Amino acid sequence: MQDMLASLASLADVIGMLGTTLVVGAFFLLQIGRLDARSLTYNLMNLSGAILLLISLCINFNLASFVIEIFWIIASVVGLVRWMLGTRPQTA
């Protein structure tokens, strides 16, 4: 039983690292000008990464991380909806 729990925790770590790679990778690509913040790719990378992190947090729970991933998902969904509608944010 303990081996199964250890395997589950290891799987959660792999899933979490993949999610982290997607979220941080999207931000890095944005910063070096390879992605646009309104692009489909950027928003899908963020959404996918946040979902993977939430999955890993279901095994290794941390409330603060869980809450920020919920907000990250909401922000990504807003970006995806705006992309689908073809709307652009207003600039100041």
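Source: prediction; values computed, not measured.
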Self-check item: Exam field: side chain Ser39 to backbone Asp36, donor-acceptor pair closer than 3.5 Å
Solution: yes
Quiz item: Going hydrophobic residue to hydrophobic residue with side-chain gaps under 4.5 angstrom, can you get from Val77 over to Trp83?
Solution: yes
Exercise. Return the minimal non-hydrogen interatomic distance between Ser76 and Asn46, and the atom names on each side.
Key: OG-CB, 3.2 Å
Quiz item: How close do Phe27 and Tyr42 get, heavy atom to heavy atom, and via which atoms?
Solution: N-CE1, 4.2 Å
Quiz prompt | Rounded distance (nearest 0.5 Å) linking atom CG of Leu80 with atom CE of Met84 | solution = 6.0 Å
Practice problem: Over all heavy atoms of both residues, which pair between Ala37 and Leu30 is shortest? Give the atoms and the distance, please. | Solution: N-CD1, 3.5 Å
Exercise. Could you check Met45 against Leu29 for side chain to side chain contact (heavy atoms under 4.5 Å, CB included), going step by step and ending with a plain yes or no?
Key: CA-CA 11 Å; Met45 285 177 74; Leu29 291 171; 4.3 Å; yes
Quiz item: Between Ala50 and Ile73, which heavy-atom pair has the shortest distance, and what is it?
Solution: CB-CG1, 3.5 Å
Exercise. From the options Leu54, Ile70, Leu57, Asn60, select the one residue that forms a side-chain contact (heavy atoms from CB on, under 4.5 Å) with Ser65.
Key: Leu57
Quiz item: Do Leu11 and Leu5 share a hydrophobic cluster (ILVMFWY, side-chain heavy atoms under 4.5 Å, transitive)?
Solution: no
Quiz item: Applying the 4.5 Å side-chain criterion to the ILVMFWY set and letting contacts propagate, would Val24 and Ile68 be lumped into a single cluster?
Solution: no
Self-check item: Qualifying residue for side-chain contact (heavy atoms from CB on, under 4.5 Å) with Glu69, from Ile74, Leu53, Leu52, Ile51
Solution: Leu53
Self-check item: Nearest heavy-atom neighbours spanning Leu35 and Ala26
Solution: CD1-O, 4.1 Å
Exercise. Grab the two heavy atoms, one from Ile59 and one from Ala12, that are nearest each other, plus how far apart they are.
Key: CB-CB, 3.5 Å
Quiz item: Take atom CZ in Phe71; do more than 12 heavy atoms of anything else shown fall under 6.0 Å from it?
Solution: no
Quiz item: For the hydrophobic clusters of this structure (ILVMFWY residues joined by side-chain heavy atoms under 4.5 Å, transitively), does one cluster hold both Leu47 and Trp72?
Solution: no
Quiz item: According to a 4.5 Å side-chain heavy-atom criterion applied to Ile, Leu, Val, Met, Phe, Trp and Tyr, with indirect links allowed, do Val14 and Val23 form part of one hydrophobic cluster?
Solution: no
Self-check item: Atom CG of Leu8: over 12 foreign heavy atoms under 6.0 Å
Solution: yes
